[in-house]
Amino acid sequence: MNISIPPSPTIAIHEVTQDELQACLSVIHHSFGTVAKEFGLTRENCPKHTSFIPLTFLETQMNWGWHMYGLYAGEKIIGYVSLSKEGEVAFALHNLAVLPEYRHRGFGKLLLDHVKGEMRAMGGKTLKLGIIEESTVLKNWYISHGFVHTGTKKFDHLPFTSGYLEWKAD
């Protein structure tokens, strides 16, 4: 008996276009939605959480010159991350997201490694990011990929503590 196995989709990362921002926003909402659920974040108690951002946020970031990357399985966007220049050699990583059904397969690391490489190519030496400090799994994941925890800050308008990490290029 001959069984035909469909080919696996090609995995690729490339900079997204304006036309792809809505699909990227969907990935962001679904991905960060699990975080919102885990930490009890709602539009009422944390309206600016990433899981609730409008399309205009991504459009503005694109207009500011942020580098926005999609992770594609074939034609489908399954992950997203953006990178902004914050100083002469300092960059910030924003909104690294992988759809829940694609997690724990190394796709987050692919996006992270891609952003590190892009930052280096642009002359960057330091990559910074902020997370929900109480998300120890996420914090430990970044630490396992070379990031160092640099501090925390509690904002009155947020129902969590903000944690900060950074990675230094060799």
Using a cut-off of 6.0 Å, state whether more than 12 heavy atoms not belonging to [X] lie near its atom [atom1].
X: K128; atom1: NZ; value: no
X: K154; atom1: NZ; value: yes
X: E101; atom1: CD; value: yes

So [Y] and [X], do their side chains get closer than 4.5 Å, heavy atoms only?
X: L71; Y: I11; value: yes
X: H157; Y: K48; value: no
X: T50; Y: V35; value: no
X: I131; Y: W141; value: no
X: I143; Y: L165; value: yes
X: C46; Y: F39; value: no

Quiz prompt | Pairs involving residues 99-137, ordered by first then second residue, that meet ring-ring contact (aromatic ring centres under 6.0 Å, His included) (sequence neighbours left out) | solution =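 Every pair satisfying ring-ring contact (aromatic ring centres under 6.0 Å, His included) with a residue in residues 99-137: Y69-H114.
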Quiz item: Out of curiosity, R120 CZ to L127 CG, how far, rounded to the nearest 0.5 Å?
Solution: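 Those atoms lie 10.0 Å apart.
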Quiz item: At their closest point, which heavy atom of A23 faces which heavy atom of I77, and how far apart are they?
Solution: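 In terms of heavy atoms, the two residues are closest at CB-CD1, 3.8 Å.
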Practice problem: Would you name the heavy atoms of L99 and S31 that are closest together and state the gap between them? | Solution: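 Shortest heavy-atom contact: N-OG, 3.5 Å.
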Self-check item: Listed once per pair and sorted, the side-chain hydrogen bond (donor to acceptor under 3.5 Å, both in side chains) pairs that draw on residues 81-94, sequence neighbours left out
Solution: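 Sorted pair list: S84-E86, S84-H94.
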Quiz item: Strictly by modelled atom types, are T17 and E20 linked by a side-chain donor-acceptor pair under 3.5 Å?
Solution: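 Side chains of T17 and E20: pair found under 3.5 Å.
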Quiz item: Parallel, tilted or perpendicular for W167 and F147, by the 30°/60° rule?
Solution: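 Rings of W167 and F147: tilted, as their planes differ by 30° to 60°.
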